[in-house]
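Here is the structure we will look at, set down as structure tokens.
Residue numbering restarts at 1 for every chain, and letters A, B, ... go by the order of the sequence lines.
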Amino acid sequence: MSEERSLNFIEEIIENDLNSGKYETLITRFPPEPNGYLHIGHAKAICLNFGLTKKYGGYTNLRFDDTNPTTEKTEYVDSQQADIKWLGFEWKNELYTSDYFDLLYGFAVKLIGKGLAYVDHSTAEDIAALKGTPTEPGKDSPYRNRSIEENLDLFSRMKAGEFADGACTLRAKIDMASPNMIMRDPIIYRIKHAEHHRTGNQWCIYPMYDFAHGQSDSIEHVTHSICTLEYVSHRELYDWCIEKLEIYPSKQYEFARLNLSYTVMSKRKLLQLVNEGVVTGWDDPRMPTISGLRRRGYTPESIREFCDRIGIAKRENLIELSLLEFCVREHLNKTANRVMAVLDPIKLVITNYPADKEELLIGENNPEAEDKGGNREIPFSNELWIEREDFMEEPAKKWFRLAPGAVVRLKHAYIVKCEDFVKDAEGNVTEIHCTYIPESKSGEDTSGINVKGTIHWVSTRHAKSAEVRMYDRLFSVESPDGEEGDFKDYLNPNSIEIIKQAYIEPYLATADADARYQFIRKGYYCLDKDSTSEHLIFNRTVSLKDAWTKGNK
RNA sequence: UGCCCGAUAGUAUAAAGGUAGUACAACGGUUUUUGGUACCGUUUGUCUAGGUUCGAAUCCUGGUCGGGCAACCA
């Protein structure tokens, strides 16, 4: 595809490492904690890690970083796997940090044996108090100089379950005065009498992230361990552990995480939206989760393209939602069949078309596809639904659609001229009367008439009903995290608009659950998972670009 | 106030001391049986002050601004 593209800084490092012979095989890993659903930010990391080994050879492991039994669930493991597969990636090995609990325990014992770890009976408060501050050094714990033998004994008793949660911890003995707070004798094991989703009740002590991640990378001989920027200060500890344990030296590299405008990305906040019923679930089509985007109608291709275009760097960023929308429009434009659906119907009567006459017109499914997507038949009659907004009693300047006396083409059908319209008591237009020009039929037009506007329609007699859910951005401000107060104060009250009865052409009655459609002139839509053959429900993935409303608001 | 990371159009991202480029966005135009697509064009940029150099976005020094670090979370 893109031959001459410049490399991001990680690719540069990798090419150097590969060219210098430092590594023969590139090994990366994607290490989610199974405590929530994957989101578009994870997609960036997934595309990076899997993309690198796809490009340079080698492989990528999927490793569930499951060292905290109280937050993790099998449900999340399953959804995360499904999402990665859906995105189009295959991992080499399915691994779990919990697979290494025995090895990790051994590493801890080794550290104690070297006099580099000790059991601390201080309370959490005491530990915090002695930690110091960024500007003041910390102070040694009174338990810091216990003997190796005592520590070994205590640690084995921790494992044996002799102590209650919080009674003590295992700490690395590093430097309480380190300018890097992370290095001030970090806790590396804590007691949790909790059931783990994989190891059950086998363990009551669990390693901390800092004592599990680098070691796991090392065990798997991960060459490039890629994570986000907030782990920069952890790298010193990552390297320290590997050095002291004398194990395979995996290397950590950090890049800036994705921030996307008009949404939030933290699992905590997303969970809050789910729990408080702001959205219907993790896969609500407004959620930035992979499952939400999938349900919304986004394609794996478009998400991969997006991740490719945003690039990899180390500076904080806020990507505009419009880029994601561009990517999905670009893909769907080439792949989605065009259909006609009227979302806000008003009746159009063709007064000179026989009431008992019907025609089957031919519609090209996708002019952008190489094979044009084939054709379909569209029934036509004298009574049609058209879009209410396609008629203006008093037309604006440069109005190309219907208005008294104006002519437009009905897509795939005839040119019609607006002769009259009917209003109800409140003054709302209820019906539009037109005459059609028989010799203007699509494909065999001999009328010689040129019209500026083409509108979509559905024959009232043949139309099917459907519910249409129109989604918009979840938040009304670019950066809900950056605003004053609670992020939920900035929810977009119009993030969903439900149209209970829209009219769709009969072709859509047999819509494919996995297919995406372009509702001509409106946007891209797909069937929602709640849809049934009796009650069709479509989700709007994204609207079409609209130069008219934009320029005339 | 300590340590660490960073700073290039509105937003992202390139330019490994030598023409500041690309994409999205915005704006204008051409084509069009989707006011879509496609195509063409326009606007907008190196945080700042010094230094090194024939030449600095790039190297050095100071400053400014943004972010991270003081969970028995990851």
Paired with [N]: which nucleotide, if any, by Watson-Crick or G-U wobble criteria at under 3.5 Å for both distances?
N     : result
B:G6  : B:C65
B:C72 : none
B:A56 : none
B:G35 : none
B:A16 : none
B:U11 : B:A23
B:U46 : none

Judged by modelled atom types alone, do [X] and [Y] share a side-chain donor-acceptor pair under 3.5 Å?
X        : Y        : value
A:Gln81  : A:Tyr76  : no
A:His121 : A:Arg146 : yes
A:Ser302 : A:Glu330 : no

Which is true for [X] with a 4.0 Å heavy-atom rule: it touches a base, it touches only sugar-phosphate, or it touches nothing?
X        : answer
A:His213 : nothing
A:Arg401 : base
A:Ile520 : base
A:Phe400 : base
A:Ile312 : sugar-phosphate
A:Tyr206 : nothing
A:Asn180 : nothing
A:Ser322 : sugar-phosphate
A:Arg309 : sugar-phosphate
A:Leu318 : sugar-phosphate
A:Arg338 : base
A:Ser178 : nothing
A:Leu544 : base
A:Ala124 : base

What's the closest nucleotide to the side chain of [X] if the choices are [options]?
X        : options             : answer
A:Asn333 : B:U37, B:U33, B:A26 : B:U37
A:Thr169 : B:C72, B:U13, B:C69 : B:C72
A:Arg190 : B:U33, B:G35, B:C72 : B:C72
A:Arg521 : B:U34, B:C73, B:U13 : B:U34
A:Lys314 : B:G6, B:G2, B:U34   : B:G6
A:Ile319 : B:A26, B:A12, B:G36 : B:A12
A:Ala313 : B:U34, B:C3, B:U13  : B:U13
A:Glu368 : B:G2, B:G36, B:G35  : B:G36
A:Met181 : B:U8, B:A70, B:U33  : B:A70
A:Val232 : B:G35, B:C5, B:C72  : B:C5

Is any side-chain N or O of [X] closer than 4.0 Å to OP1 or OP2 of [N]?
X        : N     : value
A:Lys550 : B:A26 : yes
A:Lys545 : B:A25 : yes
A:Thr67  : B:A74 : yes

Roughly how many Å is it from [atom1] in [X] to [atom2] in [N], rounded to a whole number?
X        : N     : atom1 : atom2 : value
A:Phe255 : B:C5  : CZ    : P     : 18 Å
A:Ile127 : B:C73 : CD1   : P     : 11 Å
A:Leu324 : B:U11 : CG    : C1'   : 14 Å
A:His234 : B:C5  : NE2   : P     : 15 Å
A:Lys139 : B:A70 : NZ    : P     : 19 Å
A:Phe306 : B:A12 : CZ    : C1'   : 9 Å

- Just one of A:Tyr503, A:Tyr524, A:Phe538 clears the ring-ring contact (aromatic ring centres under 6.0 Å, His included) bar with A:Phe519, so which one?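 So, applying the ring-ring contact (aromatic ring centres under 6.0 Å, His included) to A:Phe519 and each of A:Tyr503, A:Tyr524, A:Phe538, only A:Phe538 qualifies.
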Distance-only donor-acceptor test (3.5 Å): side chain [X], base [N]:
X        : N     : value
A:Glu136 : B:U1  : no
A:Ser442 : B:U33 : yes
A:Glu320 : B:G10 : yes

- Closer to the 5' end of RNA chain B via nearest nucleotide, is it A:Phe326 or A:Phe9? A:Phe9
- Message: Judged by each residue's nearest nucleotide on RNA chain B, which is more toward the 5′ side, A:Arg315 or A:Asn68?
- Response: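 The residue closer to the strand's 5' end, by nearest nucleotide, is A:Arg315.
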Atom [atom1], compared across [N] and [M]: separation rounded to whole Å:
N     : M     : atom1 : answer
B:C4  : B:G63 : P     : 14 Å
B:G6  : B:U13 : C1'   : 15 Å
B:A70 : B:A56 : C1'   : 40 Å
B:C65 : B:A71 : P     : 27 Å
B:U8  : B:A15 : C1'   : 10 Å
B:C60 : B:G68 : C1'   : 26 Å

- Hey, is A:Arg521 close enough to A:Asp390 for a salt bridge, meaning N to O under 4.0 Å?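 Here A:Arg521 pairs with A:Asp390 in a salt bridge, since their nearest N and O are under 4.0 Å apart.
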- What heavy-atom pair brings A:Asn151 and A:Val119 nearest, and what distance separates the two atoms? OD1-N, 2.9 Å
- Message: Are A:Leu384 and A:Val458 packed together at the side-chain level, in the sense that at least one heavy-atom pair is separated by less than 4.5 angstrom?
- Response: no
- NZ/A:Lys192 to CG/A:Asp165 distance, rounded to the nearest 0.5 angstrom?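 One gets 8.0 Å once the value is rounded to the nearest 0.5 Å.
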- Query: Does the ring-ring contact (aromatic ring centres under 6.0 Å, His included) test come out yes or no for A:Phe306 and A:Tyr298, once each step is laid out?
  - Reply: CA-CA 11 Å; A:Phe306 173 75; A:Tyr298 274 80; 8.8 Å; no
- Note on the structure: From the list A:Arg29, A:Gln215, A:Arg63, side chain to side chain donor-acceptor pair (under 3.5 Å) with A:Glu220 holds only for A:Arg63
